[in-house]
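Numbered from 1 within each chain, the chains take letters A, B, ... in sequence-line order. Remember, predicted model here, so these are calculated numbers, not experimental data.
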Amino acid sequence: MARYNFRAVEKKWQEIWEEKQIFKTSNDFSKPKYYALVEFPYPSGEGLHVGHPRPYTALDVVARKRRLEGYNVLFPMGWDAFGLPTENYAIQTKIHPAVITERNINRFREQLKSLGFSFDWSREVNTTDPAYFKWTQWIFLKLFEHGLAYKKEMPINWCPRCKIGLANEEVVDGKCERCSHQVETRVKNQWMLKITAYAERLINDLELVDYIERVKVQQRNWIGRSEGADVIFKIKDTEETLTVFTTRPDTLFGATYMVISPEHPVLEKLKDRITNVPEIAAYQEQARKKSEFERSQLVREKTGVPVEGLKAINPVNGMEIPIWVSDYVLMTYGTGAIMAVPGHDQRDWEFAVKFGLPIVEVVAGGDITKEAYTDIDEGVMVNSGFLDGLDVKSAQKKIIAWLQEKGLGVPKVNYKLRDWVFSRQRYWGEPIPLVHCEKCGWVPVPEEELPVRLPQVANYEPTDTGESPLAKIRHWVETTCPKCGGYAERETDTMPQWAGSSWYFLRYCDPHNDQALASKEALDYWLPVDWYNGGMEHTTLHLLYSRFWHKFLYDIGVVPGPEPYAKRTSHGMILGENNEKMSKSRGNVINPDDVVAEYGADTLRLYEMFIGDFEKSVPWSTEGVRGCKRFLDRVWKLMDMVIPGEAYRPELEAKMHQTIKKVSQDYESLKFNTAIAALMTLLNDVYHTGSINEAELKTFLILLNPVAPHITEEIWERLKFGGMLNEQSWPTWDEAKTVEKTVEIGVQVNGKLRGTIEVNVDDPQEAAREKALANEAVQRALDGKTIVKEIYVPGRIYNIVVK
RNA sequence: GCAGGCGUGGCGGAAUUGGCAGACGCGCUAGACUUAGGAUCUAGUGGGCAGACCCCGUGAGAGUUCGACUCUCUCCGCCUGCACCA
């Protein structure tokens, strides 16, 4: 048998699959469907990374298995192609980003095709294609119509050297990623999307989906729901009030002062009554200067100044309490003001100790001279008037009812989640399809005029003012108001990269539709995505954003269900051989093209699946790749060992059924490494047997096919097994036949292994006992001892307890 | 700091309704074939030991059990998430 020529074989099958459109998804909506999805890549100039094929192969395995199981499978691929690297490269080279994008996409597509993925390439989408982003803009307009898009003053990251607004991901340790200059904050009017309106549903509906637990946990943390009450405090001798959000209304009697954030508007409003304005102004200035980076540093020493001239009234006991300003209270969460209960909140406790403020115990059970007592399960209310003697939970109910009755408070739920800053002052993104008219305000571009395309320009340099480069293109900016026909200007901000990826999986269902983002029939049939695999780094941004858009589209009747993805899993990273993150600067980058050229696509696929636990990071190993190549060479040589036979031979029957079971189950649960190990074990057994019959080989090839599709098709063809492998059915196993008739079990004496015996699985204890006692090593261990007890677990162990 | 998870050979990793620890692969050792071998094949490979005896061994220590990688407690280390969110 000739050596396996993987180059020729892989090329041959890739051409056949393409020519015969083997993996083209059928539009026959009567068949059972399966929608397998992987995150579409950003087609960078670097080309494919060895990290990409890991998740792609994993779901390719699932997709190929599903086809063999008779499903109509949608397994698509596309390009998330708007983005900064392309734009920056365009600025440097003066080449249009669309040209660069096309070049990069062609490279990526070719690389992916060389790996033999079973994508339906006829459904490819590209977020930068006007026919695609027309619908991105359309969704934005729907959000705008429903009041979920609004404009607001928001701080952005600004690099004074590059004179450019930076996305958060371009800011590294508070510095500009490109020039390392300290990033400043600039306030700009930004488009925002009201994702907070969906916070509750984004949490609750996690119950409807099958996501790995760490994804759910991360989303819940990110949304950060907390229940409590808004409580109104009067400011003495004024008409003003301060509303605070608290999760511990039960401790209201222990509120001995209030703290407001430096940005709190009451400071401006009551300026005339405040007697230490300069001191406060100085503190505000100090807080303002702290960059986002410094502010996010963990637990610093608390700082603050009192607001002199103002006193608040504690609504439960009428006590006058001081008001302080401190930057540990954030304007962006709750109301920007808190009631401080130093006895039962550690932050307030630290603050009170530092500034000598009174600490009152209202929940007995701890020692508040040492630290705040924050327990809510054991404590009993004290010093709290009508709450005394209650446990914390009952006190909470009672005080909220009391506050509501008096009009001093209401139950309230708060979220850490903020609205989504949707503007970018950049060129290479979807234009926001709105025009601003002096008379009519913000007016949507009419649907029939979509898409709003990017103007062709000579260069993409940002402006000095932090405006989008589009602002300079006057002939594009200046337009007429669709409503009144008067002069109007286009919005020059573009959308963030997260826009196009928030709905791309919908487009795959019906990618060439020019009447709708996809037809209703296609969406009804294909949704939800049955299995979506992607990186953990997308859990709180992309995944949450796309769930939000999907819920909105569900609300306006565009999609059939409230959740886009039925199941979400995540893969680990592939590290360099030195166990560090792969990067050019570390010099440990492995190029998949090189691996394919030297070992072949099947080997790369096999290796990436065998490399280790799919969900964990693993270092690359060139030696490991060779081992996988060796395995495939051994598979190839099976052709020299084939003998006729339409049924599994008795000596391999149990092994065959065991392997079918193991591989079938492991492919479903991300345990590709053990599935492949099982196939390797079977191959070793076959080699020891010296031959493999046709029935055994057919099953073996089908099981291996999803991971190594080229070599298995080739062998199938050469042995004339009939048709193509991809037209066969997934093998089934018979549970009863997975059990070997005789097994070797261990014999223990006092729990220590002394020997092994071979027994029939259904042997009674007596038969096993006889064999166990006949064992030489066992006899030695029993010598001179008295048997106290014997434990026999059929098929597992025979344990003899002696004295 | 809080929450969750994980610690198994030289390496990646198997095995948990408690039942022969180290599957599978890499690496390594010896041998075969060979002009050669970084190809291929065969055998071996947790440690100690000359050894088919025996002893030790799943981060450390204790406990439950006939029996513990698996269950319980304490400690150590690593990873992930959250981190002034009231």
[X] side chain, from C-beta outward: closest of [options]:
X: A/T674; options: B/A86, B/A23, B/G12; answer: B/A23
X: A/V801; options: B/C66, B/A43, B/A23; answer: B/C66
X: A/T247; options: B/C20, B/G27, B/A86; answer: B/A86
X: A/Y328; options: B/C84, B/A83, B/G12; answer: B/C84
X: A/N673; options: B/C84, B/G13, B/A86; answer: B/G13
X: A/L753; options: B/A83, B/C24, B/C20; answer: B/C20

| request: Determine which nucleotide pairs with B/A68, using a 3.5 Å limit on both distances of a Watson-Crick or G-U wobble pair. | output: none
| message | Can you tell me the base-pairing partner of B/A30? Count Watson-Crick or G-U wobble geometry only, both distances below 3.5 Å, and say none if there is no partner. | response | B/U42
Using a 4.0 Å heavy-atom cut-off across all strands, classify [X] as base, sugar-phosphate, or nothing.
X: A/N684; value: sugar-phosphate
X: A/E744; value: base
X: A/R220; value: nothing
X: A/S226; value: sugar-phosphate
X: A/R626; value: nothing
X: A/R780; value: sugar-phosphate
X: A/T756; value: base
X: A/Q748; value: base
X: A/G224; value: nothing

Rounded distance in Å between the [atom1] positions of [N] and [M]:
N: B/C41; M: B/A50; atom1: P; result: 34 Å
N: B/G27; M: B/U74; atom1: P; result: 44 Å
N: B/C79; M: B/C69; atom1: P; result: 27 Å
N: B/C76; M: B/C84; atom1: C1'; result: 30 Å
N: B/U42; M: B/U34; atom1: C1'; result: 16 Å
N: B/G22; M: B/G9; atom1: P; result: 14 Å
N: B/G48; M: B/G57; atom1: C1'; result: 11 Å

| remark: Per side-chain contact (heavy atoms from CB on, under 4.5 Å), A/Q748 is matched among A/I791, A/I797, A/V778 by A/I797
Write down the distance between [atom1] ([X]) and [atom2] ([N]), rounded to a whole number of angstrom.
X: A/D666; N: B/C24; atom1: CG; atom2: C1'; answer: 12 Å
X: A/I676; N: B/G12; atom1: CD1; atom2: P; answer: 18 Å
X: A/L606; N: B/C24; atom1: CG; atom2: C1'; answer: 11 Å

| request: Quick one: classify the glycosidic conformation of B/G5 as syn or anti, with syn meaning within 90° of 0. | output: anti
| remark: Per nearest nucleotide of RNA chain B, the residue lying toward the 5' end, A/F245 or A/Y687, is A/Y687
| request: Identify, between A/Q218 and A/R630, the residue whose nearest nucleotide on RNA chain B lies closer to the 5' end. | output: A/R630
| task | Write down the atom of A/G379, the atom of A/Y373, and the distance for their closest heavy-atom approach. | result |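 Nearest heavy atoms, A/G379 then A/Y373: N-OH, 3.7 Å.
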| field | Nearest atoms (heavy-atom pairs only) where A/V707 meets A/R605 | value |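 Reported closest heavy-atom pair: O-NE, 2.8 Å.
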Is [X] salt-bridged to [Y], going by a charged N under 4.0 Å from an acidic O?
X: A/K397; Y: A/D250; result: no
X: A/E213; Y: A/K216; result: no
X: A/E758; Y: A/K771; result: no
X: A/K629; Y: A/D633; result: yes

| query | Does the base of B/C79 carry an N or O that pairs as donor and acceptor with the side chain of A/K616 under 3.5 Å? | reply |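 Flag unset: no donor-acceptor pair detected.
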| Should the heavy atoms of other residues, nucleotides or ligands under 6.0 Å from CD of A/E378 be counted, would the total exceed 12? | no
| field | A/K752 side-chain N/O to B/C56 phosphate OP1/OP2 under 4.0 Å | value | yes
| query | If only side-chain N and O atoms of A/R754 are considered, is one of them under 4.0 Å from the OP1 or OP2 phosphate oxygen of B/C55? | reply | yes
| field | Residues within residues 791-799 of chain A bordering RNA chain B, heavy-atom distance below 4.0 Å | value | A/I791, A/V793, A/R796, A/I797, A/N799
| task | Quick one: pull up CD1 in A/I323 and CG in A/L242 and give me the separation to the nearest 0.5 Å. | result |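 A/I323 CD1 to A/L242 CG: 5.0 Å, rounded to 0.5 Å.
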| Lys NZ or Arg CZ of A/K302 over A/Y328 ring: under 6.0 Å, within 45° | yes
